[in-house]
Structure formats: structure tokens, C-alpha cells
Enquirer: 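My questions all concern the structure below.
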Amino acid sequence: MLIKGHFFPKQENAEKIKLFIRRHIITYAPWVLFIVLLVILPWIIIGTLNSIDISISTLLNSAQINPDEKLVNQVIIVLLTGYYLFISAYFFLMWIDFYLDIIIVTPEHLINIQQIGLLNHKVSEQSLLRVQDVTSRVDGFWQTFFRYGTVVAETAGDEPNFLMRDVPNPNSVANIILKLHEELIESGGLKEELGESVGLNRPKPVVRKRKEMINKIVYNLPPNRGIDSQKLTISKKTNTQKPEDTIELEDSKVVVIQTPKLTRKITKDSKISKEKPKIKKIETSQPKLEIVDIEPSWISSAQKDRRFKKSKEIDRSIREGELKEGKEIRL
Amino acid sequence: MIDLIRKYNRMFYTIICLIIVFIILSIILQSSLFLFILYTCFIVIYIFYSYFWLKQINTYGYTGDWCRPVMWIYYIVSIAIIITSIIFLILV
């Protein structure tokens, strides 16, 4: 049931209607012509029978039935009444089908209202955010002549496309829908909804954060990335953007090895013994440690393989005591 | 029309058959009773149809549009058909 002032059941109060579209009136014309033909058809038949001097009574008499003329006339009147009532019902059924088939475009929604027969009423609503592409199509002579056609709004996911048949000025309608779609995306309040609904920006924050973190670690290293680093700036994982969160490790020697998957625990007071500058000997004084996961997600598989081999080589070197202070490691 | 008949073919053919049976009965029995029943059936069905038609228009029709003039046309056409038929039946 429609609320007064509302054009579709779920219309919000502030939701203005941008387009209110019915099928082109010319699509109703064939039905009107058909109905006119049905109206005059009985008179054509009666006129034809009279012109060849055959009456209904004659026909009935020839069928060995002998009704009086009054009854025959009554039969004709009753039949004609039923016939015209049927035509009237059919005409207005077609009209209601035409009149209540509506497409409504609001700044946020596409609404397709369909009247199917007399008693079936269907309202489908689609968010404009889900529209991916809008196509307009004008086919054939009549559509070109009367400027109407089909508009298809393709939607994201498994939801069915929005098909609008016999729409007047389909190109303008498609343009307006696209424009409204773009306006809706550009409006700030709905960006998050779009991200959630379409799934565009879900993985981005994690990846960006990780990239920023790794870049910071890598680029704050001295140019030779060596184990002779006297200063190393490591940002906290949680607040990578703020400069005050960076930690300076004074007088300590830290080896940062970038491997496909390597986790190191480093704190402000992390120290590596000068005598034994092995990674295994990282000393931590605080129980709460910052975990820095150095795993660049954008590197190619070949690079990953190479780095993995290199890390194995470094591990072997550490095990065998070959890796000593001052030795440069290139990854 | 063909679509409509195809959609409701069973009901449609049943109604046609009933109409034919009533007419044949009235002719054979030389009685207007069956014609009167048939006529009443037409009117009753049409009134039911009109009720639902108007209900749909009142429920889903849009004010300020051209549904009101069409409703008036509907009233006029329906009443014209019924009154004309009654007049003709009285006259014959």
C-alpha cells in the first residue's frame, strides 16, 4: 500500500524522484486498434449477413430449431452484451498494465514497478551503487521513428540486470542514470557503503600499511644495507605514519634481512652483542615486543625464490660463523 | 488476445462451453430463463472485475496523473453497455 505522497512502497521522505518513466504511449496504440477492430467486428458480421439476405433466424431454422424471433433477438443482445463487457474489461486491463508499469529513478535507487495482469503487482528495487554499466538500445523502424527503446542497467554480482523496455528517449535516460550513479559514488557518505558492498577497498588498508611499513624499514637503512648500521629507524607496526613513533637504536648493530618470510622482534632496547653479531643473539629487555613482519607482497616469485635462497645462505653462514661484523649482505 | 486465451485457456474454454450450453438450452426449451441467468452471470463477473480494477487504481494509481479521467471513462463505458443492453432487452 502506498503512503500518501510516496510513489513506491519503500520511498524515504527525503528521496526525490528524478525520473518517472512509463512505456512510450505508442506501444499502447496496437491494443487500441485491436480493441476498435473487436468493437466493429460484430456489426461487420451482421452487416455482411444482411447484405446476402441471411438472418440469424434463418440460420437457426436451418438447424431444425424453430425459435421465435423474440428469443433470437434476446440471445443476440445477451451475447453482444457479454462480448462488449469482455472487450471493455480487456481494454481497461491493457490500460492498467500500461499505466501501472513504471520505472522510477531516484538519486539512490532504481525502482521497477510491474503490473502483471489484474491482480499481480511487482516492485523491484535496486541500489544505484550496484549499477556497473547502462546501455541504451533503439531497434527498428518504429523505435527510431518514435524515439523509444530499451535501457539495460547492468548490476554487480548475481543480481539480475535492470531491464527497461519501450522507454522514451533511452539515451537521455541512460545518461541520467549514469550521472546519478557517479554523483552517488562521489558523495562522501556512501563511499564506505560502496566499498563494503562491492568489496573494492577491503584488502587495501592492510596491504598499504604493510607496504608503508616495509618501505620505511628498507629505506631507512643505510645505502649498503649492511650489518655495520649504527643507526636504524624502525617504526612501530601500529603507528607507521607518525614520525614520533620511530625508534632510534643507538650503539647497536642490527641486521635486517629481507626474506620472503622473516619475523624479527625488535624493541628500543634491543641490542646485539658486538662480540657476536649474529642474529640469533638479539637481546631483548622488554617483555612486550614489537613484531615486524617483513614480507613484501608485491615482489615477484622469482625475486622471492632468490631472496629465499639468499636467506638460506645467510642462515648457513650464521650457523657456520662465517657472517661477521662488517660483512655486507646484498639481497 | 491469443496470449490471453493461451494463458487462461482452460477457464476460457469452460466459459465458452457454458455460454453455448445455456444458449442452446434456452433455444430448445423456448425459455428466456437461461438467457437471464447468463446475462446475470456476465454482469456479476463484470462487477467483480470492476471492483478489483478500481482497487488496483486506487492503491497504486498516482494522483495528479491521468488515472481519474480514465476511471470516469471506465464508469461511463460500463454503465453505457449495461443500460443499452437492458433497454434493448426490454424493447424486444
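Please read all numbers here as calculations on a predicted model, not as lab measurements. So you know, we letter chains A, B, ... as the sequences are listed, proteins then strands, and number each from 1. No hydrogens, no waters, no symmetry mates; every other heavy atom, side chains included, goes into these values.
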Enquirer: Counting C-beta onward and ignoring hydrogens, is there a side-chain heavy-atom pair between A:V78 and B:F22 closer than 4.5 Å?
Expert: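 A:V78 does not reach B:F22 side chain to side chain.
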Enquirer: Output, in order, the C-alpha distance, side-chain angles, deciding distance and verdict of side-chain hydrogen bond (donor to acceptor under 3.5 Å, both in side chains) for A:S88 and B:Y46.
Expert: CA-CA 9 Å; A:S88 164; B:Y46 194 73; 2.7 Å; yes
Enquirer: Quick one: CG on A:N73 to CG on B:L89, what's the gap to the nearest 0.5 Å?
Expert: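 Spacing of CG (A:N73) from CG (B:L89) equals 10.0 Å.
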Enquirer: So, taking the atom named CD1 in A:I77 and the one named CG in B:L91, what distance separates them when rounded to the nearest 0.5 Å?
Expert: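 Answer rounded to 0.5 Å: 8.0 Å.
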Enquirer: Using non-hydrogen atoms and a 4.5 Å limit, figure out which bit of A:L85 sits close to chain B: side chain, backbone, both or neither.
Expert: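 It is both, since atoms from each part get that close.
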Enquirer: Heavy-atom distance under 4.5 Å to chain A: side chain of B:S31, backbone, both or neither?
Expert: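 Backbone only.
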Enquirer: Verify the neighbour count for atom CZ of A:F146: are there more than 12 heavy atoms of other residues, nucleotides or ligands below 6.0 Å?
Expert: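 It does: A:F146 CZ has more than 12 such atoms within range.
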Enquirer: Is a side-chain N or O of B:Y60 found less than 3.5 angstrom from the main chain of A:L100, in a donor-acceptor match?
Expert: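 No: the side chain of B:Y60 does not pair with the backbone of A:L100.
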Enquirer: Do the side chain of B:Q56 and the main chain of A:I96 share a donor and acceptor less than 3.5 angstrom apart?
Expert: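 It does not hold such a pair.
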Enquirer: Answer whether the closest heavy-atom distance between the side chains of B:V70 and A:Y99 falls below 4.5 Å.
Expert: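 Not touching, per the 4.5 Å side-chain cut-off.
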Enquirer: In terms of heavy-atom pairs under 4.5 Å with chain A, which of B:F42, B:F52, B:Y39, B:Y49 leads?
Expert: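 Max contact count across the listed options: B:Y49.
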Enquirer: Are the side chains of B:I73 and A:F92 in contact, using a 4.5 Å heavy-atom criterion?
Expert: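 Of all side-chain heavy-atom pairs linking B:I73 with A:F92, at least one is under 4.5 Å.
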Enquirer: Under 4.5 Å from any heavy atom of chain B, what part of A:I102 do you find: side chain, backbone, both or neither?
Expert: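 Answer is side chain: those atoms of A:I102 sit under 4.5 Å from chain B.
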Enquirer: Tell me if the CZ atom of B:F88 is crowded by more than 12 foreign heavy atoms within 6.0 Å.
Expert: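 Not more than 12 within 6.0 Å, no.
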Enquirer: Over 60° means perpendicular and under 30° means parallel, so classify the ring planes of B:W53 and A:W95, tilted if in between.
Expert: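 Tilted, since the angle between the ring planes falls between 30° and 60°.
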Enquirer: For the residue pair B:L35 and A:L71, establish whether any side-chain heavy-atom pair is separated by less than 4.5 Å.
Expert: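 Yes - at least one pair of side-chain heavy atoms lies under 4.5 Å apart.
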Enquirer: State the OH-CD1 distance between A:Y83 and B:I81, to the nearest 0.5 angstrom.
Expert: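 A:Y83 OH to B:I81 CD1: 11.5 Å, rounded to 0.5 Å.
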Enquirer: Considering only heavy atoms and a distance below 4.5 Å, find which of B:I43, B:I19, B:L38, B:I57 pairs most often with chain A.
Expert: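 That would be B:I57.
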Enquirer: Can you tell me if CZ on A:F141 sees more than 12 non-hydrogen neighbours from other groups inside 6.0 Å?
Expert: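 Yes, enclosed.
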Enquirer: When you compare the side chain of B:I27 with that of A:V72, does any pair of heavy atoms fall below 4.5 Å?
Expert: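 The answer is no; the side chains never approach within 4.5 Å.
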